[in-house]
Amino acid sequence: GDAAFIANAGLMAEPVDVNNYRQMTPVQLFSHNTMNRNTQKEDIFDEFVGTGVQGRIADVLKGKDMPVNVFSISGTQAVNVGEPGGAAPFILSSSGLSDFNKSPSIS
C-alpha cells in the first residue's frame, strides 16, 4: 500500500516549565525565526549538521530501496536536505509546472 507522513514533533529536549525553560532548552522557544530554522532541521543537539528532517527520512527510506520523492516550491529548503548522495529534492517553480510539449507532432 501507499503511505505518507509528515515528521515534526517539536523542539523540546525534555519537559520544561515557565521557571526552567531558558536553562533546559537548547533553542530559543519564542523566537519565530529560530523556531522556523530549527523545526526544519529537527536536530537540537547538532548531531546531523547541514541536514533536515525530511531529507534524513528520505535517505533512510531510499537506503531500504523504497521509492522516495522530496519536493520544494520555494527553492532549496533546509528541511529537504539529506546526506550527500542521498535522495535529491525536486525544486519546483512557485508558479507551477511548465507546460509539457504544448505542440506535439506525430511523424
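Position 1 is the first residue of the sequence; numbering continues from there.
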Residue pairs fulfilling ring-ring contact (aromatic ring centres under 6.0 Å, His included) with at least one residue in residues 53-96, sequence neighbours excluded
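Every ring-ring contact (aromatic ring centres under 6.0 Å, His included) pair that includes a residue of residues 53-96, provided the two are not neighbours, is Phe71-Phe90.
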Straight-line distance of Glu42 CD to Arg56 CZ, nearest 0.5 Å
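If I round to the nearest 0.5 Å, the distance is 8.0 Å.
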Can you tell me how far apart NE2 (His32) and CZ (Arg37) are? Round to the nearest 0.5 Å.
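Those atoms lie 11.0 Å apart.
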Find out whether Ile57 and Leu61 are in side-chain contact, i.e. whether some heavy atom of one side chain is under 4.5 Å from a heavy atom of the other.
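Side chain of Ile57 against side chain of Leu61, heavy atoms only: contact under 4.5 Å found.
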Can you name the residues that form a side chain to side chain contact (heavy atoms under 4.5 Å, CB included) with Asp59, not counting sequence neighbours?
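Asp59 satisfies side chain to side chain contact (heavy atoms under 4.5 Å, CB included) with Glu83, Ala87 once adjacent residues are dropped.
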List the residues meeting side chain to side chain contact (heavy atoms under 4.5 Å, CB included) with Ser31, not counting sequence neighbours, and say none if there are none.
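By the side chain to side chain contact (heavy atoms under 4.5 Å, CB included) rule, Ser31 matches Gln28, Thr34.
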Say whether Met66 and Val53 are linked into one hydrophobic cluster, either directly or through other cluster members, by side-chain heavy-atom distances under 4.5 angstrom.
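Result: yes, single cluster for both.
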Among Val81, Val79, Ile73, which one satisfies side chain to side chain contact (heavy atoms under 4.5 Å, CB included) with Gln77?
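Option passing the side chain to side chain contact (heavy atoms under 4.5 Å, CB included) with Gln77: Val79.
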Do the side chain of Asp43 and the main chain of Phe48 share a donor and acceptor less than 3.5 angstrom apart?
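Between the backbone of Phe48 and the side chain of Asp43 there is a qualifying donor-acceptor contact (under 3.5 Å).
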Would you mind writing out the side-chain donor-acceptor pairs for residues 14-26 within the sub-3.5 Å range, not counting sequence neighbours?
{"unit_1": "Asp17", "atom_1": "OD1", "unit_2": "Asn19", "atom_2": "N", "d": "2.8"}
{"unit_1": "Asp17", "atom_1": "OD1", "unit_2": "Asn20", "atom_2": "N", "d": "3.1"}
{"unit_1": "Asn20", "atom_1": "OD1", "unit_2": "Asp17", "atom_2": "N", "d": "2.8"}
{"unit_1": "Thr25", "atom_1": "OG1", "unit_2": "Tyr21", "atom_2": "O", "d": "2.6"}
{"unit_1": "Thr25", "atom_1": "OG1", "unit_2": "Val27", "atom_2": "O", "d": "3.4"}

